[in-house]
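Positions are given from 1 along the sequence. The model shown is predicted, which means the values in this text are computed figures rather than measured ones.
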Amino acid sequence: MEEVEAVATSVWDQIGSVFTMEIYNGKSFADLLTLEAMLSLLGNAVAATLILIAGFIISGMLSRRITRLGQLHASLDDTLFVFFGNIARYTILAFTTLFVLNTFGVRTTSIVAVIGAAGLAIGLALQGTLSNVAAGVMLILFRPLKNGDFVQVNDVVGTVKEITLNYTEIADIGNVKVVVPNSEVWGNTIKNYSGYKTRRAEWEFGVGYGANLARAEQVIRDTIMSDPRSHSEPEPFIQVNNLNSSSVDFLVRVWCDAAVYFQYQADMKRKVKEALDAAGVDIPFPTRTLVMQNSGDDKDAKSLVAE
């Protein structure tokens, strides 16, 4: 009987120690069970809920307003303002979380220190992912390419569809979705064919050695410059560039709008060919002349041809 009483006394003492142990803000469990403490906790919970709701509302409104600025002005990059909007949103939410913790009396300085140490450890473990994020930030800030640009990145040629913090999405010429990590985009040469409003088209047209070069040049000039896509400024360049084995080659350089470059370049090849044919200007093709000498002896002639 005495042993049972001793065990009961020990259990009761342990339960009592739990009630007297400090568990929150210097108060024990017994202190928190009082009406005053419960009302205080309820008030803190209500205040924290209101702060949290206000933080979500304010962060969402500010993010949408910043994003809308990029959509309202054509000269502003949408991707850049979406990025700024997300930064503003998550910054407000981070401060909101700190305010909520302060409401319950939690010391946030120690939490910030723990988060910093954890962030360092996570950063070391995710170096590849973070390099993509860092490259994405650089792409968004410096904008070497943007949505809708026709670009070449490494061996990928196509139209930029989306730039995120981790990857860049490109639709190639065959309309196949290609996802390129941002570190590979930022760390390599980028050819942005939409970077400037105008481009210089270049062709090489060959005519026969017997052709009237002045006439041929005039036909080429009239044909290309009659197209409304051709720019007269800067002045077009049309000159004899090479004396080939079977042709005299004209080098032609004319400026046009970048948006029509590829179709314009293809159209002019056909139009110039048709114009030269209509003007009677000979367009040569590779030929080979075989000279045979007949000495009267068929055997000698055959051996000469064989040589």
Side-chain angles (χ1 to χ4, degrees), residues 55-94 115 118-202 229 255-267:
F56 274 101
I57 294 175
I58 295 173
S59 64
M61 290 177 59
L62 184 59
S63 177
R64 286 191 296 270
R65 286 182 177 273
I66 294 175
T67 303
R68 195 176 296 118
L69 285 176
Q71 298 172 349
L72 293 177
H73 300 83
S75 59
L76 300 178
D77 188 4
D78 294 349
T79 306
L80 184 62
F81 279 84
V82 169
F83 174 67
F84 286 151
N86 287 333
I87 288 180
R89 178 183 180 186
Y90 291 118
T91 300
I92 293 176
L93 290 178
I115 292 176
L120 179 60
I122 294 173
L124 293 175
L126 302 175
Q127 291 183 13
T129 302
L130 291 179
S131 66
N132 288 329
V133 173
V137 172
M138 301 298 286
L139 289 172
I140 293 172
L141 289 178
F142 292 99
R143 294 180 295 171
L145 70 170
K146 59 181 183 298
N147 292 351
D149 283 354
F150 188 77
V151 301
Q152 178 179 348
V153 179
N154 294 338
D155 296 329
V156 180
V157 179
T159 304
V160 178
K161 292 297 183 180
E162 184 181 8
I163 303 173
T164 68
L165 286 178
N166 291 309
Y167 62 86
T168 297
E169 179 184 334
I170 299 176
D172 70 1
I173 298 177
N175 199 33
V176 176
K177 179 180 177 180
V178 181
V179 177
V180 184
N182 283 336
S183 59
E184 295 186 12
V185 178
W186 180 254
N188 289 278
T189 301
I190 301 172
K191 287 187 177 180
N192 190 339
Y193 297 104
S194 304
Y196 301 119
K197 293 182 179 180
T198 58
R199 288 189 63 184
R200 189 185 68 184
E202 183 174 310
R229 293 171 293 183
W255 291 82
C256 67
D257 291 340
V260 300
Y261 171 81
F262 292 102
Q263 188 62 48
Y264 169 73
Q265 191 178 45
D267 291 345

Novice: Inspect the surroundings of CZ in F56 and state if more than 12 heavy atoms from other residues, nucleotides or ligands are less than 6.0 Å away.
Specialist: no
Novice: Ignoring hydrogens, what is the shortest heavy-atom contact between N147 and E162? Give both atom names and the distance.
Specialist: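 Looks like OD1-CA, 3.5 Å.
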Novice: Give every residue pair that meets the salt bridge (Lys or Arg N to Asp or Glu O under 4.0 Å) criterion with at least one member in residues 148-160, sequence neighbours excluded.
Specialist: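 Listed by first then second residue: K146-D149.
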Novice: May I ask you to decide if G85's main-chain N or O and S63's side chain share a donor-acceptor pair within less than 3.5 Å?
Specialist: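 Between the backbone of G85 and the side chain of S63 there is a qualifying donor-acceptor contact (under 3.5 Å).
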Novice: What is the minimum heavy-atom distance between I66 and A88, and which atoms define it?
Specialist: CD1-CB, 3.8 Å
Novice: Please report the C-alpha distance between D172 and V157 in whole Å, then the side-chain angles of each, then the deciding distance to 0.1 Å, and finally whether the side-chain contact (heavy atoms from CB on, under 4.5 Å) criterion is met.
Specialist: CA-CA 6 Å; D172 70 1; V157 179; over 6 Å; no
Novice: Rounded at 0.5 Å granularity, tell me how far NZ in K177 sits from CD1 in I170.
Specialist: 12.5 Å
Novice: Search all heavy atoms of N182 against all heavy atoms of T164 and return the closest pair with its distance.
Specialist: ND2-O, 2.8 Å
Novice: Check whether any side-chain heavy atom of V153 lies under 4.5 Å from a side-chain heavy atom of T168, and answer yes or no.
Specialist: no
Novice: Is NZ or CZ of R229 both nearer than 6.0 Å to the six-membered ring centre of Y264 and within 45° of the ring axis?
Specialist: no
Novice: Parallel, tilted or perpendicular: which one describes the rings of F262 and F150, with boundaries at 30° and 60°?
Specialist: perpendicular
Novice: Calculate, to the nearest 0.5 Å, the distance between atoms NZ and CD belonging to K191 and Q152 respectively.
Specialist: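 The CD atom of Q152 is 5.0 Å from NZ of K191, to the nearest 0.5 Å.
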Novice: Looking only at heavy atoms, what is the nearest atom pair of S59 and R89, with distance?
Specialist: CB-O, 3.6 Å
Novice: Does Q265 reach the main-chain N or O of E202 with its side chain, forming a donor-acceptor pair under 3.5 Å?
Specialist: yes
Novice: For the backbone of V151 and the side chain of N192, can you confirm whether one donor and one acceptor N or O come within less than 3.5 Å of each other?
Specialist: no
Novice: Search all heavy atoms of G148 against all heavy atoms of S194 and return the closest pair with its distance.
Specialist: O-OG, 4.5 Å
Novice: Restricting to non-hydrogen atoms, name the atom on R200 and the atom on Y261 that form the minimum distance, rounded to 0.1 Å.
Specialist: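 Answer, listing the atom of R200 first, then Y261: O-CE1, 3.7 Å.
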